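Remarks on the structure that follows.
Computed from a predicted model, the values in this text were never measured in an experiment.
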Amino acid sequence: MAKSAHPVVSPEHAAILRTIAAIPRGRVARYGEIAARAGHPRRARLVGRVLGESDPALKLPWQRVLRSDGRIAFPPGSRGFLEQRARLLEEGVMVVKGRVDLLRFGWQRDLDAEMWAPR
DNA sequence: ACATTGACTCGCG
DNA sequence: GCGCGAGCCAATG
């Protein structure tokens, strides 16, 4: 077969999609973080592109992927922005001014977890 | 084949 | 906080 009739998922894309699927509920991860964990350091844009073109039927937790500063990547007020915020709030992730505190909800915050240990 | 675009990131002023 | 430039690179026109 020369070409498939539907989108082909390369191994690289698959690694990225798997990484996104692994983000725990109630936690968030940065584009660059996903890229690095999937074996593509410095390729944050690839993550955004792959995610945007991915099949919705995969039901990926795309709302858990944020920019490096904790902000939602979509323009404030846009459809994507509003839905992402709603989805995050629904699973207990606090979103203030389109932004999430990575020290509290970041997937990798474990390193700083001690600071937030309940007293 | 060249230019622009974009669910990105980082450093500098 | 804000704007800019640079690096990033596949998709799109």
Side-chain angles (χ1 to χ4, degrees):
Chain A
M1 300 141 73
K3 282 173 143 184
S4 71
H6 62 76
V8 176
V9 179
S10 75
E12 301 189 309
H13 290 201
I16 289 172
L17 297 179
R18 274 202 312 281
T19 304
I20 292 172
I23 306 171
R25 179 186 172 79
R27 296 280 201 103
V28 298
R30 301 174 280 117
Y31 287 91
E33 191 179 327
I34 298 297
R37 286 176 80 116
H40 300 287
R42 291 182 295 290
R43 297 195 60 188
R45 292 193 105 125
L46 176 63
V47 175
R49 191 171 341 112
V50 170
L51 193 49
E53 295 169 359
S54 69
D55 184 350
L58 294 177
K59 291 173 185 160
L60 293 170
W62 59 268
Q63 70 274 24
R64 299 175 192 153
V65 186
L66 304 172
R67 298 213 300 226
S68 65
D69 59 0
R71 282 209 176 108
I72 286 175
F74 296 110
S78 69
R79 211 176 196 180
F81 177 95
L82 295 174
E83 189 181 345
Q84 184 163 20
R85 184 179 62 182
R87 283 173 172 251
L88 286 171
L89 292 174
E90 190 283 323
E91 60 182 56
V93 174
M94 201 184 285
V95 183
V96 181
K97 291 183 184 243
R99 174 182 227 166
V100 171
D101 184 344
L102 297 179
L103 288 180
R104 287 207 271 169
F105 303 101
W107 193 7
Q108 304 290 284
R109 89 187 148 158
D110 308 79
L111 300 173
D112 319 276
E114 280 66 355
M115 302 176 70
W116 281 91
R119 181 69 10 155

Just how far, in rounded Å, is [atom2] of [N] from [atom1] of [X]?
X	N	atom1	atom2	value
A:R42	B:dT9	CZ	P	14 Å
A:L46	B:dT9	CG	C1'	14 Å
A:R49	B:dT9	CZ	P	13 Å
A:E53	C:dC9	CD	P	16 Å
A:L17	B:dA7	CG	P	17 Å
A:D69	B:dA7	CG	C1'	13 Å
A:I72	B:dG6	CD1	P	19 Å
A:R45	C:dG7	CZ	P	14 Å

Worksheet item: Charged N to carboxylate O below 4.0 Å: is that the case for A:R87 and A:E83?
Response: yes
Worksheet item: Do you know the tightest heavy-atom contact between A:T19 and A:A38?
Response: OG1-CB, 3.6 Å
Fill in: B:dC8 OP1/OP2 closer than 4.0 Å to side-chain N/O of A:R67
yes
Discussion item. Does B:dA7 have its OP1 or OP2 closer than 4.0 Å to a side-chain nitrogen or oxygen of A:R71?
Written reply: no
Worksheet item: Considering residues, nucleotides and ligands other than A:R25, do more than 12 of their heavy atoms fall under 6.0 Å from its CZ?
Response: yes
Worksheet item: Under the 3.5 angstrom rule, does the side chain of A:Q84 hit a backbone N or O of A:V65 as a donor-acceptor pair?
Response: yes
Practice prompt. Check every strand shown and say whether A:R99 touches a base, only sugar-phosphate, or nothing at a heavy-atom separation below 4.0 Å.
Written response: sugar-phosphate
Practice prompt. Assign A:G52 to base, sugar-phosphate, or nothing according to its heavy-atom contacts below 4.0 angstrom with the strands shown.
Written response: base
Discussion item. Taking B:dA1 as the reference, what is the distance to C:dG13 when you measure between their C1' atoms (whole Å, please)?
Written reply: 12 Å
